[in-house]
Protein chains: 2
Amino acid sequence: MFSKACEYAIRASIYIAVKSESGQRVSLKDIAGAIDSPEAFTAKILQQLSKDQLIDSVKGPSGGFSIEKKKLQHLRLSQIVYAIDGDRIYKGCGLGLKDCSERKPCPVHHKFKAIREELKNMLEKTTVTELASGLGKGLTFLQR
Amino acid sequence: MFSKACEYAIRASIYIAVKSESGQRVSLKDIAGAIDSPEAFTAKILQQLSKDQLIDSVKGPSGGFSIEKKKLQHLRLSQIVYAIDGDRIYKGCGLGLKDCSERKPCPVHHKFKAIREELKNMLEKTTVTELASGLGKGLTFLQR
DNA sequence: ATATATTAAGATCTTTTTATCCTTTATTAT
DNA sequence: ATAATAAAGGATAAAAAGATCTTAATATAT
């Protein structure tokens with residue numbers, strides 16, 4: 001569904017969100033530990049999210065990653081996914097055809113459409129805070 | 001969503017189905033040409049489908065691939081997908097956790113569940129013949 | 001029986017994805 | 001100012017996926 005990088009991106013974002021809500025900044029090491037991801041690879045991913053201004057980063061002592069409150073209110077899963085995996089999850093043809101479209105559909109085009117729409121809606125509706133909340137309450141997990 | 005191999009597998013199966021309905025056997029070359037896939041790679045994939053007895057193959061002159069009528073009546077998309085990609089599309093956690101479950105869910109577990117179910121249902125309901133029919137009528141395409 | 005067409009199978013190569021390492025840059029605390 | 005800390009960036013490596021090549025096995029037609 002998502003690339004590994006995107007999975008880490010989502011997990012990291014949720015973790016950062018939890019911490020940001022209580023005003024804490026978290027280091028790369030902290031994040032990689034919390035979501036059980038390879039540190040250097042995670043760094044690359046966070047770099048990308050930071051470039052896209054989906055998360056904030058501060059260098060130096062007591063630096064780290066965070067998401068400012070304002071952003072956090074609006075940050076959707078779709079934004080994270082888009083930053084890392086692009087739009088292939090929405091646009092790509094289920095059978096890999098380049099020019100698959102309503103006008104020239106592949107055999108599964110219409111069958112997939114509904115599912116894809118639903119996925120898109122879900123990603124666009126779901127906020128990272130919302131997911132962070134469940135994690136904060138111990139209802140959901142980011143490891144194993 | 002699916003691996004490239006799985007995309008080719010589905011496309012090939014649909015093409016073989018169309019031909020099989022009019023009693024024709026099709027060669028690898030023919031298939032690869034029709035679905036615009038790399039020939040040798042496609043051979044591997046068809047080999048796998050053949051091993052799993054989802055399609056039939058005959059060696060030698062006037063040999064090739066086909067799907068016998070009986071099989072074709074029941075052959076579902078889910079079977080093709082399972083033969084090539086296994087069950088990751090159903091079972092795998094959206095965030096890549098190994099032990100994600102109802103009891104110990106990742107933050108998106110419940111959100112994904114509905115979508116995954118729908119996908120599963122669709123794949124299990126959809127027959128290859130059904131898709132072949134649209135292709136036979138020129139309503140759908142396997143190229144570009 | 002032989003030649004030929006065609007799939008099967010194994011080995012190998014290429015590309016992409018995933019992951020690591022090392023150096024540089026920015027920030028903070030002293 | 002200096003040292004320490006943490007992310008940024010670039011180069012490289014390992015693993016997985018995608019694709020190709022070569023040889024073997026098998027069936028058919030003559």
Side-chain angles (χ1 to χ4, degrees), chain A residues 1-13 15-16 19-20 24-33 35-67 81 83-86 88-89 92 95-96, chain B residues 1-13 15-16 19-20 24-33 35-67 81 83-86 88-89 92 95-96:
Chain A
M1 182 89 81
F2 303 130
S3 70
K4 215 92 190 76
C6 190
E7 292 176 357
Y8 294 146
I10 296 172
R11 278 151 64 186
S13 301
Y15 181 70
I16 297 170
K19 294 296 185 174
S20 292
Q24 296 173 65
R25 245 192 320 240
V26 281
S27 71
L28 171 61
K29 187 174 279 187
D30 191 355
I31 295 167
I35 71 173
D36 187 29
S37 66
E39 203 173 307
F41 190 41
T42 307
K44 297 293 176 195
I45 295 160
L46 294 177
Q47 231 174 87
Q48 183 62 46
L49 296 181
S50 173
K51 264 189 197 160
D52 288 10
Q53 307 194 8
L54 298 177
I55 68 177
D56 305 294
S57 86
V58 175
K59 287 183 182 180
S62 85
F65 297 91
S66 64
I67 307 174
V81 172
I84 305 298
D85 280 353
R88 77 180 164 86
I89 207 159
L95 298 187
Chain B
M1 184 89 80
F2 303 128
S3 69
K4 217 93 189 79
C6 191
E7 292 176 357
Y8 293 146
I10 296 173
R11 277 151 65 188
S13 301
Y15 181 70
I16 296 170
K19 294 296 183 174
S20 291
Q24 296 174 65
R25 243 191 325 239
V26 281
S27 71
L28 171 62
K29 187 174 276 186
D30 190 353
I31 295 168
I35 71 173
D36 187 29
S37 67
E39 203 174 308
F41 190 38
T42 305
K44 296 291 176 196
I45 295 160
L46 295 177
Q47 232 173 86
Q48 184 62 46
L49 296 182
S50 174
K51 263 188 197 159
D52 288 10
Q53 307 194 9
L54 299 176
I55 67 176
D56 305 293
S57 85
V58 175
K59 287 182 181 181
S62 86
F65 298 91
S66 65
I67 306 174
V81 172
I84 305 298
D85 280 353
R88 77 181 165 85
I89 206 159
L95 298 187

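Letters go in sequence order (proteins before strands), and every chain restarts at 1.
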Of A:K4 and B:V26, the one whose closest nucleotide on DNA chain C sits nearer the 5' end is B:V26
To the nearest Å, give me how far apart CZ (B:F2) and C1' (D:dG18) are. 18 Å
Listed nucleotide nearest any side-chain atom of A:Q47, set D:dT28, D:dA8, C:dA8: D:dA8
As a test of reading the structure: which of C:dT7, C:dT18, D:dA8 is closest to the side chain of B:L28, going by heavy atoms? C:dT7
Over all atoms of both residues, closest heavy-atom pair of B:A32 and B:E39: CB-CA, 3.9 Å
Is there, by distance only and without an angle test, a donor paired with an acceptor across the side chain of A:K44 and the base of D:dG10 below 3.5 Å? yes
Between B:R88 (CZ) and D:dA16 (P), how many Å, whole number? 14 Å
Taking atom P of D:dA6 as reference, at what distance in whole Å does atom CG of A:L46 sit? 15 Å
What's the closest nucleotide to the A:Y8 side chain, out of D:dA7, D:dA4, C:dA19? C:dA19
Calculate the interatomic distance between A:F65 atom CZ and D:dT5 atom P; express it in whole Å. 18 Å
Check the pair B:S13 / B:L54 against side chain to side chain contact (heavy atoms under 4.5 Å, CB included), numbers first and verdict last. CA-CA 9 Å; B:S13 301; B:L54 299 176; over 6 Å; no
Minimum-distance pair of heavy atoms, taken over all atoms of B:R11 and B:D36: NH2-O, 3.6 Å
Closest to the side chain of A:S50, out of D:dA8, D:dT26, D:dT5, is D:dA8
A:F41 CZ to C:dT16 C1': how many Å, rounded? 11 Å
How close do A:P38 and A:T42 get, counting heavy atoms only, and between which atoms? O-OG1, 2.6 Å
Heavy-atom closest pair, residues B:D85 and B:C6: OD2-CB, 3.3 Å
Of the candidate nucleotides D:dG9, C:dT7, D:dC21, which contains the atom at the shortest distance from the side chain of B:A40? D:dC21
Let me know, please, whether B:S57 or A:P38 comes out on the 5' side of the other along DNA chain C by nearest nucleotide. B:S57
Of the candidate nucleotides D:dT26, C:dT25, C:dT18, which contains the atom at the shortest distance from the side chain of A:S3? C:dT18
Rounded to the Å, how far apart are B:Q48 CD and C:dT7 P? 17 Å
Between C:dT16 atom P and A:D85 atom CG, what is the distance in whole Å? 16 Å
Between P of C:dT18 and CD1 of A:I45, the distance in whole Å: 8 Å
